[in-house]
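One structure below.
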Protein chains: 2
Amino acid sequence: MELSERKKKILQHVVDDYIETAVPVSSKSLTERHLSNISSATVRNELSALEELGYLTQLHTSSGRVPSAEAYKLYVSDLMVKNKLSDKELDYIKKVFLEKADNLEEVIKNTTKVISELTSLTSVGVVSPDVGEKIKVIKFFRYKPDTALVLIVTERRLLKDNYISVPETMTDEQLVEAETVLSKLCAERSFEEVCNIKDDISSEFSGYKNIFLNLVEALKVYMTVKESDVVLEGEDKILNHPEYADINKIRNFLSVVTQKDKVMTLLSGDGRDIKINVKIGTDGYEEIPDDCSLVTATYSANGVKIGTYGVIGPIRMDYQKVVAVLENVGKILESILTNR
Amino acid sequence: MELSERKKKILQHVVDDYIETAVPVSSKSLTERHLSNISSATVRNELSALEELGYLTQLHTSSGRVPSAEAYKLYVSDLMVKNKLSDKELDYIKKVFLEKADNLEEVIKNTTKVISELTSLTSVGVVSPDVGEKIKVIKFFRYKPDTALVLIVTERRLLKDNYISVPETMTDEQLVEAETVLSKLCAERSFEEVCNIKDDISSEFSGYKNIFLNLVEALKVYMTVKESDVVLEGEDKILNHPEYADINKIRNFLSVVTQKDKVMTLLSGDGRDIKINVKIGTDGYEEIPDDCSLVTATYSANGVKIGTYGVIGPIRMDYQKVVAVLENVGKILESILTNR
DNA sequence: AATTAGCAGTCAAACAAAAAGAGTGCTAAC
DNA sequence: GTTAGCACTCTTTTTGTTTGACTGCTAATT
């Protein structure tokens with residue numbers, strides 16, 4: 001059912017005010033602040049109707065109204081006035097991204113830092129797994145007699161956190177040889193493809209079968225999101241929100257947010273095309289406390305999805321600001337990543 | 001002034017009980033629980049004297065006694081009975097350290113995880129900077145036309161988080177050449193020494209002066225503690241302590257603990273020989289909230305200090321357990337690191 | 001001289017009752 | 001459809017009272 005214009009307007013003000021003050025919104029305050037042309041009694045009737053429709057709730061019979069999860073959803077999709085960031089904020093974003101960042105990981109870290117700073121919320125970022133990434137070069141670096149560091153250069157980043165064991169009997173020359181051969185084998189293929197050529201290794205490569213199998217294991221690690229790919233920033237920001245005055249709520253929130261694996265499943269869920277994605281309330285996601293929202297955006301370079309970033313915080317968050325920040329950061333981020 | 005045996009005993013019980021219950025300790029409870037041979041009135045006299053001496057405080061005139069920072073210090077150094085860990089706990093520690101860990105960083109992460117788990121406190125770990133470390137090999141890996149990854153193998157670890165820029169005009173062969181030459185130059189010298197040979201580069205090396213200068217910059221990064229060398233675990237554990245029921249206290253604590261640079265300065269301060277180092281209350285350390293303690297231990301391999309680890313938490317913490325955990329983890333850690 | 005019993009005094013915490021205040025819902029008039 | 005006005009509800013704040021856990025002190029005891 002479509003709401004009347006007036007209902008929409010009133011609902012918008014309720015959400016606006018509630019986000020601003022964290023106090024249940026009364027009919028009187030609405031007329032005083034925004035609706036001087038109609039009486040509080042009229043507003044009361046409308047509020048009552050909006051409650052009937054499921055957009056508002058009351059904590060008790062004689063309290064003001066609080067938006068429901070449904071109301072927030074409508075607010076974000078329809079009601080909310082899109083905000084622009086101040087010049088100061090824009091400058092801040094630009095400044096941070098001007099800093100030297102040699103690799104994707106640093107860029108993500110900067111991103112979450114900026115977002116958390118500007119929104120005063122906990123921010124999360126994750127790099128998508130490398131499943132479809134094309135490999136450019138593979139390099140082995142033996143630094144212990146039986147262990148070698150694996151370096152993998154892909155289109156977008158340099159992976160360097162994996163080790164394979166090599167036979168101590170293998171000479172350095174043989175290892176270089178293996179490197180050359182396997183690099184050739186993998187070049188221009190995606191992680192997925194490389195993992196699937198397990199069986200038909202031609203005679204040319206057969207001497208390095210063991211190393212290759214180790215390599216495949218290493219690749220697999222990068223094909224699912226790793227904990228180290230999840231970046232969190234400002235976990236403590238939640239403490240500044242009045243509705244989190246209760247220790248148990250904080251504990252609950254932190255227990256979600258400090259477990260990176262939980263955050264991973266949260267973020268990996270949405271592979272949709274929508275740029276900005278808002279999950280309000282549980283929305284069926286068990287991982288989030290039901291008074292939380294998750295607002296995320298995906299970023300891509302040259303049309304390929306690189307990762308997801310966003311904020312997680314109380315359902316009563318400043319969506320105007322959050323969306324504005326995510327959009328602006330997104331723009332800058334994409335331009336940086338595309339020009340690499 | 002030396003305390004009488006009886007005073008010591010009473011003080012010990014007060015601290016024990018207070019650590020256990022978090023409730024101010026009364027004369028009656030002391031006689032009931034531990035001192036059935038003397039009357040509560042006598043204990044009251046002793047408590048009063050101990051308060052006079054600065055070891056105990058009262059929250060208000062008719063409350064039980066709470067240990068002062070001084071009392072905790074005395075408790076840890078003199079009074080406390082050293083505890084042994086249960087077999088279960090020992091097994092747990094051993095199990096964790098049996099897991100494969102290819103590098104020092106992973107070992108530290110495991111260490112902090114174990115400590116936080118067993119003590120229910122926030123634990124911190126930091127790897128000492130590499131100032132005096134001897135370099136074994138240096139490797140450049142060009143992964144973008146103008147950027148190369150620097151790999152440095154030292155006695156204790158593989159450093160791989162630094163990039164230098166190289167002229168695009170430089171061929172891969174020249175880079176390998178530079179690598180060989182500089183590796184030779186640096187081998188068996190410490191970071192410090194390498195940084196100081198800036199001037200007298202002999203003609204043999206002079207062709208790579210620029211690269212060398214870049215390399216020195218990279219080395220310098222490892223000569224001070226970096227944020228990524230600081231590991232924190234269980235930041236949320238503080239929420240389980242009853243004296244941290246106040247949001248502001250939590251905020252205060254978390255603001256220290258989430259800023260790795262603050263933790264860095266905290267941990268880098270103590271280069272003393274003492275194995276276990278206890279800082280109770282502020283003790284002049286501005287960084288710690290004054291109702292917190294920091295208990296740390298340094299670990300070394302083959303006589304060289306490798307880093308520091310420990311716990312940070314409320315002044316009322318289970319020092320018996322903390323010390324026991326740190327000592328046991330320390331033993332295992334040193335044996336692992338020494339045998340590498 | 002050290003110990004102890006006993007008691008008065010103190011203070012926080014728990015409880016209860018009352019008052020104040022903010023809002024709504026409803027009715028009747030406009 | 002809108003609005004004024006009032007009764008009603010429920011929270012929050014205030015105030016007062018009681019209870020109980022301690023201590024400190026004094027005077028008696030060992």
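Chain letters run A, B, ... following the sequence lines, proteins first and then strands; every chain starts at 1. Model, not experiment: these values are computed from the prediction.
Across all non-hydrogen atoms, the minimal contact from B:Val124 to B:Thr112 is C-CG2, 3.7 Å. Between B:Glu89 and B:Leu118, the shortest heavy-atom distance links the atoms CG-CD2, 4.0 Å. Taking both residues in full, the closest heavy atoms of A:Pro67 and A:Ala71 are given as CB-CB, 3.8 Å, listed atom of the first, atom of the second, then distance.
Residue contacts shown for A:Ser40 are absent, as no nucleic acid heavy atom lies under 4.0 Å away.
The nucleotide whose nearest atom lies closest to any side-chain atom of A:Gln58 is, among C:dT4, C:dT24, D:dG24, C:dT24. Looking at the side chain of B:Ala41, the nearest of the listed nucleotides D:dA4, C:dA5, D:dG24 is C:dA5.
Rounding to whole angstrom units, CG of residue B:Leu50 and P of D:dT23 are separated by 13 Å. D:dG24 atom P lies 13 Å from atom CD of B:Glu46, rounded to whole Å. Look at CG on A:Leu47: it is 15 Å from C1' on D:dT3, rounded to the nearest Å. Rounded to an integer number of Å, the gap from CD of B:Glu32 to C1' of D:dC22 is 13 Å. Atom pair A:Lys7:NZ and D:dG1:P shows a separation of 10 Å (rounding to whole Å applied). Note: NZ (A:Lys28) to P (C:dT24) measures 10 Å, nearest angstrom. As rounded to whole Å, 16 Å separates atom C1' of C:dG25 from atom CG of A:Leu56. In this entry the distance linking CZ of B:Arg6 with C1' of C:dT4 reads 12 Å, nearest Å.
Side-chain contact check for B:Ser39 versus B:Thr31: every heavy-atom pair is 4.5 Å or farther apart.
A donor-acceptor distance shorter than 3.5 angstrom exists from the side chain of A:Thr258 to the backbone of A:Leu254, with no hydrogens or angles considered.
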Inset, instruction - Using a 4.0 Å cut-off on protein heavy atoms (strictly under), produce a 5'-to-3' string for nucleotides 6-19 of chain D with B for base contact, S for backbone-only sugar-phosphate contact, and - for none. - result: ---BBS--------

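Contact between the side-chain N/O atoms of A:Thr42 and the OP1/OP2 oxygens of D:dT3 is found at a separation under 4.0 Å. Between A:Arg65 and the phosphate of C:dA22, there is no side-chain N or O to OP1/OP2 separation shorter than 4.0 Å.
DNA chain C is contacted by both A:Val23 and A:Asn45; A:Val23 maps to the nucleotide lying nearer its 5′ end (nearest heavy atom per residue).
Electrostatic pairing of A:Lys7 and A:Glu2 does not count as a salt bridge here, judged by no charged N lying under 4.0 Å from a carboxylate O.
The aromatic rings of A:His13 and A:His34 lie parallel to each other, with less than 30° between the two planes, well short of the 60° mark.
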